[in-house]
Amino acid sequence: MSSVILVTGGSGLVGQAIKYVIETEPVGSKFGKREGETWVFARSGDGDLKDPKATDELFERVKPTHVIHLAALVGGLFKNMKYKACPPRQSPRYNMIINTNVLESSHNPNPAPNSTRPKVEKVISCLSTCVFPDKVEYPLDENKVHLGPPHESNFGYAHAKRMVDVYNHAYKEEFGCNFTSAIPTNVFGPYDNFDLEDSHVIPGLIHKCYLAKKNGTEFVVSGTGKPLRQFIYSRDLAKLFIWMLREYDDVEPLILSVGEDEEVSIKAVADAIVKAVGFQGEYKFDTTRADGQFRKPASNARLLSLIGEFKFTPFEQALDETVTWFLQNYATARTGKVPKA
């Protein structure tokens with residue numbers, strides 16, 4: 001039976017990782033492309049997902065049977081702190097509109113006349129660990145999403161992401177839709193956003209270290225370096241999304257992460273980046289900048305109980321591959337406005 005898988009946000013970090021896995025894993029293998037599958041990786045230019053009409057037109061053209069919904073307006077810690085309501089980009093309003101349009105087009109209650117669009121059999125949306133409460137007992141697990149308000153540093157983005165879980169349950173209860181969501185921990189890898197003002201910790205530090213080496217300047221890391229995080233390589237996450245698409249049919253969100261025992265300090269991340277970039281200068285920590293939450297370990301026990309054995313890429317290997325990709329693709333990578341030396 002043929003199927004068409006639409007990946008929104010297809011040009012981004014996770015979308016490109018899924019594309020890489022689909023194109024490089026053996027056909028018919030656990031994570032490879034299967035016979036009868038067509039994968040469509042939609043970019044922002046293919047349709048404005050903030051516009052319900054444009055979203056529906058995209059679905060009419062692609063005719064998906066399955067959707068992996070990755071598209072979002074995102075930013076790192078400092079952007080989340082700066083823009084909590086209605087900035088030019090980072091906006092809970094825009095993210096809620098995008099999510100609403102994608103899920104409603106997937107449900108497709110009012111098909112166009114003579115439409116040949118099939119029923120969307122499954123939607124998997126991508127959330128974030130920021131959806132969890134600030135005050136919560138660790139480790140995080142799938143039952144704790146709605147137990148309290150999220151951390152104030154990104155409450156707008158977090159609430160917009162939480163609403164996807166609310167939507168999923170509502171669509172299932174009222175219409176029987178097979179909508180679910182994944183909650184990855186901190187993702188990094190090729191095709192990440194390396195913009196110094198708009199990135200997450202690893203791509204931001206890689207870019208800063210590269211510029212420090214290039215310009216012969218100090219490498220400065222924001223914060224104390226003490227916070228701990230679980231990092232997941234985008235290509236590992238891609239495999240887990242593909243597995244979810246084929247095997248996971250529960251409406252409850254699923255944490256996709258390395259184990260709790262694989263937390264890495266920001267200082268250890270910076271040390272590894274210095275080594276991978278080949279930076280030989282001095283670097284320091286700017287303790288006047290915010291750290292964010294100290295740690296938020298998440299349990300992957302439910303994931304492992306369902307998927308069985310899964311081999312995660314060792315952190316330093318994944319980091320080396322990411323740095324290599326960045327150095328080889330600097331001219332076209334998402335680097336934003338680079339300050340002059």
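Along the sequence shown, residues are numbered consecutively beginning with 1.
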Original post:
Glu60 and Lys53: salt bridge (charged side-chain N to carboxylate O under 4.0 Å, His left out), yes or no, with the steps?
Top reply: CA-CA 10 Å; Glu60 284 289 343; Lys53 182 179 178 181; over 6 Å; no
Subject >> Considering all heavy atoms, the nearest Arg34-Ser29 contact >> reply: NE-O, 4.2 Å
Subject >> Positive for ring-ring contact (aromatic ring centres under 6.0 Å, His included) with His107, one of Tyr167, Tyr171, Phe59 >> reply: Tyr171
Subject >> Electrostatic pair Asp48-Lys50, nearest N-O below 4.0 angstrom >> reply: yes
Subject >> Val4 backbone acceptor or donor facing Thr65 side chain under 3.5 Å >> reply: yes
Original post:
Would Asp249 and Lys122 satisfy salt bridge (charged side-chain N to carboxylate O under 4.0 Å, His left out), going step by step from the backbone distance to the final call?
Top reply: CA-CA 8 Å; Asp249 291 318; Lys122 181 188 286 189; 2.9 Å; yes
**OP:** Determine, for Tyr20 and Arg235, whether the Lys NZ or Arg CZ falls below 6.0 Å from the six-membered ring centre while staying within 45 degrees of the axis.
**Re:** yes
Original post:
When the ring planes of Tyr210 and Phe326 are compared, do they come out parallel, tilted or perpendicular, using 30° and 60° as the limits?
Top reply: perpendicular
Original post:
Which atom names give the shortest non-hydrogen contact between Asp320 and Ala276, and what distance separates them?
Top reply: OD1-CB, 3.4 Å
Original post:
Out of curiosity, does Ile232 fall in the hydrophobic cluster containing Leu70 (side-chain heavy atoms, cut-off under 4.5 Å, transitive links)?
Top reply: yes
Subject >> Results of side-chain hydrogen bond (donor to acceptor under 3.5 Å, both in side chains) for Ser299 - residues two or more places apart only >> reply: none
Original post:
Sub-3.5 Å donor-acceptor pair from the side chain of Lys226 to the main-chain atoms of Ile266, do we have one?
Top reply: no
**OP:** May I ask you to decide whether Glu263 forms a salt bridge with Arg295, counting only side-chain N to carboxylate O separations under 4.0 Å?
**Re:** yes
Subject >> Over 12 non-hydrogen atoms of neighbours within 6.0 angstrom of CD in Glu137 >> reply: no
**OP:** Indicate, with yes or no, if Val7 and Leu103 share a hydrophobic cluster defined by side-chain heavy-atom contacts under 4.5 Å among Ile, Leu, Val, Met, Phe, Trp and Tyr.
**Re:** no
Original post:
Within a radius of less than 6.0 Å around CD of Glu316, do more than 12 heavy atoms belonging to other residues, nucleotides or ligands occur?
Top reply: no
Subject >> Backbone N/O of Leu256 and side chain of Asn300: donor-acceptor pair under 3.5 Å >> reply: no
Subject >> Carboxylate-amine/guanidinium contact Arg117 Asp56, below 4.0 Å >> reply: yes
**OP:** Give a yes or no on whether the ring-centroid distance for Phe132 and His151 is below 6.0 angstrom.
**Re:** no
Subject >> Transitive ILVMFWY side-chain link Tyr248 to Ile5, under 4.5 Å >> reply: yes
Subject >> Aromatic ring pairing Phe155/His159, orientation class (parallel under 30°, perpendicular over 60°, tilted between) >> reply: perpendicular
Original post:
Between Val264, Val201, Asp291, which is the residue that forms a side chain to side chain contact (heavy atoms under 4.5 Å, CB included) with Pro227?
Top reply: Asp291
**OP:** Indicate yes or no for a side-chain donor-acceptor contact from Arg61 to the backbone of Asp46 under 3.5 Å, with no hydrogens or angles considered.
**Re:** yes
**OP:** Give the C-alpha distance, both sets of side-chain angles, the deciding distance and a yes or no for side-chain hydrogen bond (donor to acceptor under 3.5 Å, both in side chains) between Asn99 and His69.
**Re:** CA-CA 8 Å; Asn99 297 333; His69 174 39; 2.8 Å; yes
**OP:** Before accepting this row, confirm whether a basic side-chain N of the pair Asp250/Lys172 lies closer than 4.0 Å to the acidic partner's carboxylate O.
**Re:** no
Original post:
Between Val102 and Ser106, which heavy-atom pair has the shortest distance, and what is it?
Top reply: O-OG, 2.8 Å
Original post:
What class does the angle between the rings of Phe188 and Phe231 fall in, given that below 30° is parallel, 30 to 60° is tilted and above 60° is perpendicular?
Top reply: perpendicular
Original post:
Can we say Glu262 and Arg229 salt-bridge, meaning some charged N sits less than 4.0 Å from an Asp/Glu carboxylate O?
Top reply: no
Original post:
Between Lys213 and Phe279, is NZ or CZ placed under 6.0 angstrom from the six-membered ring centre and within 45° of the ring axis?
Top reply: no
Subject >> Shortest non-hydrogen contact between Leu140 and Lys296, atoms and distance >> reply: CD1-O, 3.6 Å
**OP:** Please report the shortest heavy-atom distance between Ile183 and Val131, naming the atom on each side.
**Re:** CD1-CG2, 4.4 Å
Original post:
If Ile, Leu, Val, Met, Phe, Trp and Tyr residues are connected whenever their side-chain heavy atoms lie under 4.5 Å apart, and connections chain through other members, are Phe219 and Val277 in the same group?
Top reply: yes
Original post:
Using the ring of each side chain (for Trp, its six-membered ring), is Phe194 parallel, tilted or perpendicular to Trp325, with breaks at 30° and 60°?
Top reply: parallel
**OP:** Grab the two heavy atoms, one from Ala298 and one from Ser257, that are nearest each other, plus how far apart they are.
**Re:** O-OG, 4.5 Å
Original post:
So if you build clusters from Ile, Leu, Val, Met, Phe, Trp, Tyr with side-chain heavy-atom gaps below 4.5 Å, do Val323 and Tyr191 land together?
Top reply: yes
